[in-house]
A.B. asks: 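Here's a structure for you.
Numbering of residues begins at 1 and proceeds along the displayed sequence.
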Amino acid sequence: MQTVSENRCFGGTQGVYTHASKATGCDMTFGLFLPEEAQDGPVPVLWYLSGLTCTHENAMVKAGAQGWAAEQGIALIFPDTSPRGEGVADDDAYDLGQGAGFYVNATQAPWAPHFRMWDYIATDLPDLVFEHFALDPDRQAITGHSMGGHGALTLAMGLPGRYRSVSAFSPICHPTNGDWGRKQLSAYLGDDETTWAAHDATLMMREKGLEIPLLVDTGSSDQFIDLLQPEALAQAVNARRVPANLRLQKGYDHSYFFVSTFIEDHVAFHAEALYA
């Protein structure tokens, strides 16, 4: 692991680091905010998964999460959204290839050698950060935006017992049934749609339910709301009778202005679970 930068931030440190990933077979970059309390011992962790076209940097500089995390004594981890670099497959479209990993382990050419973002978020990056930083593996929560909201929801349901809470901003809720999903899942996982279900929050909710607190915010004026399908997740939550707070925020769109408006709510929501 190499340090790219470390800056004083709200009494703690905002760092950026690179490392050789076993999961993706290439160098990966991530951001990590450590609150001041990390100087005295391990602190709780909130993972933030970003959306299409993003890197580790978007949420790190736009979401405004560090100040609220510092108040709660919580670390923030900002992973990248895909493998990158020479020799890593890509596509001319913004919603496939580099910047669009969809948090799955690809099985199809040309994506399979590097696009293993599920393993990267579930195993590879956690192993690294818990070894090198003062973080508490028993107190983890996860959130994300858009494609990252999809990733947060599917990882939370796919790794029961890992996280104490999950939230999402404008998540892609039903990717097997929409243009933000069918294209990517078929490219990465192939045409057998039975393999897609483990990466669809609505289908997972219908099958598994959820045992941890859930908060989802979507803007009522989100320009992509027909692709996100928040109503599908709401119906699945109701069918399973899962306690959840699913909110439509009047007039808000898909941007980081929306995320930054409600990030305080989400950090406080996770803090309640992480310190319970």
Side-chain angles (χ1 to χ4, degrees), residues 23 28 30-35 42-51 54 56 58-60 63 65-66 68-69 72-82 101-105 117-130 133 135-173 175 198-202 204-205 208-218 233 237 242-246 259 262-276:
M28 299 290 290
F30 67 95
L32 170 65
F33 169 72
L34 284 174
V43 296
V45 179
L46 176 58
W47 295 82
Y48 185 106
L49 306 185
S50 289
C54 292
H56 71 282
N58 294 71
M60 190 179 78
Q66 290 91 337
W68 305 116
Q72 302 287 355
I74 294 173
L76 300 168
I77 301 177
F78 304 99
D80 202 348
T81 56
S82 78
F102 259 76
Y103 304 100
V104 304
N105 287 339
M117 288 302 294
W118 178 279
D119 282 353
Y120 180 68
I121 301 298
T123 303
D124 196 19
L125 186 54
D127 286 349
L128 180 79
V129 295
F130 289 121
F133 299 99
L135 305 173
D136 185 351
D138 294 324
R139 292 187 291 167
Q140 298 185 63
I142 191 166
T143 189
H145 174 229
S146 193
M147 179 186 73
H150 141 79
L153 293 171
T154 56
L155 279 152
M157 285 185 275
L159 299 171
R162 169 72 63 88
Y163 308 104
R164 293 196 181 186
S165 53
V166 56
S167 74
F169 299 88
S170 313
I172 302 171
C173 295
H199 301 285
D200 184 307
T202 295
M204 295 176 78
M205 183 65 73
K208 298 172 177 285
L210 186 68
E211 299 296 328
I212 58 176
L214 170 62
L215 170 64
V216 177
D217 276 319
T218 304
L233 180 63
V237 164
V242 170
N245 194 355
L246 309 180
V259 173
F262 295 101
I263 192 69
E264 178 187 4
D265 287 0
H266 285 243
V267 172
F269 163 79
H270 290 296
E272 183 176 355
L274 290 167
Y275 285 108

A.B. asks: If we only count heavy atoms from C-beta on, is the L214 to M205 side-chain gap below 4.5 Å?
C.D. replies: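 With C-beta onward as the side chain, the pair touches.
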A.B. asks: Heavy-atom distance under 4.5 Å between the side chains of I263 and F169, does that happen here?
C.D. replies: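 SC-SC contact between I263 and F169 confirmed.
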A.B. asks: I'd like to check I77 versus F33 (side-chain heavy atoms, cut-off strictly below 4.5 Å). Are they in contact?
C.D. replies: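 I77 vs F33: side chains apart.
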A.B. asks: Which heavy atom of D124 sits nearest to which heavy atom of A23, and what is that distance?
C.D. replies: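 Here D124 and A23 meet closest at OD2-N, 3.2 Å.
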A.B. asks: What's the shortest heavy-atom distance between Y103 and L49, and which atoms?
C.D. replies: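 So the two residues come closest at OH-CB, 3.6 Å.
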A.B. asks: Mind listing the closest non-hydrogen atom pair of A122 and L155 along with its distance?
C.D. replies: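 The answer is CB-CD2, 4.2 Å.
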A.B. asks: A side-chain contact here means heavy atoms from C-beta on lying under 4.5 Å apart; do V166 and L153 qualify?
C.D. replies: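 Contact flag for V166/L153 side chains = yes.
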A.B. asks: Holding to side-chain hydrogen bond (donor to acceptor under 3.5 Å, both in side chains), I want the full list of residues that pass it with D217, two or more places apart in sequence or in another chain.
C.D. replies: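 Per chain and number, D217 pairs via side-chain hydrogen bond (donor to acceptor under 3.5 Å, both in side chains) with R247, Q249, H266.
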A.B. asks: For residues S165 and F269, report the shortest heavy-atom separation together with the two atoms involved.
C.D. replies: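 That would be CB-CE2, 4.0 Å.
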A.B. asks: Would you say the side chains of H145 and S50 form a donor-acceptor pair under 3.5 Å?
C.D. replies: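 No donor-acceptor contact under 3.5 Å links the two side chains.
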A.B. asks: Which heavy atom of T218 sits nearest to which heavy atom of V216, and what is that distance?
C.D. replies: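 Scanning both residues completely, I find the closest heavy atoms to be OG1-CG1, 4.1 Å.
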A.B. asks: Checking D136 now: which residues fulfil salt bridge (Lys or Arg N to Asp or Glu O under 4.0 Å) with it, not counting sequence neighbours?
C.D. replies: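 With sequence neighbours excluded, D136 shows a salt bridge (Lys or Arg N to Asp or Glu O under 4.0 Å) to R139, given in chain and number order.
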A.B. asks: Find out whether F133 and L32 are in side-chain contact, i.e. whether some heavy atom of one side chain is under 4.5 Å from a heavy atom of the other.
C.D. replies: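 A side-chain contact under 4.5 Å exists here.
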A.B. asks: Using side-chain heavy atoms (C-beta onward) and a distance below 4.5 Å, is W118 in contact with T154?
C.D. replies: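 Yes, side chains in contact.
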A.B. asks: So, do M117 and N105 sit near enough that their side-chain heavy atoms are less than 4.5 Å apart?
C.D. replies: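 With C-beta onward as the side chain, the pair stays apart.
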A.B. asks: Hey, are the side chains of M147 and T81 touching, using non-hydrogen atoms and a 4.5 Å cut-off?
C.D. replies: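 Yes; the side chains approach each other to less than 4.5 Å.
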A.B. asks: Got a sec, which pairs hit ring-ring contact (aromatic ring centres under 6.0 Å, His included) with one end in residues 148-168, sequence neighbours left out?
C.D. replies: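 As it turns out, the ring-ring contact (aromatic ring centres under 6.0 Å, His included) pairs with a partner in residues 148-168, which skip direct neighbours, are F102-H150.
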A.B. asks: Taking all non-hydrogen atoms of both residues, which atom of H270 and which atom of S167 are closest, and how far apart?
C.D. replies: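 Here H270 and S167 meet closest at NE2-OG, 2.8 Å.
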A.B. asks: Just do the side chain to side chain contact (heavy atoms under 4.5 Å, CB included) check on I142 and L46 with the steps written out, would you?
C.D. replies: CA-CA 5 Å; I142 191 166; L46 176 58; 5.5 Å; no
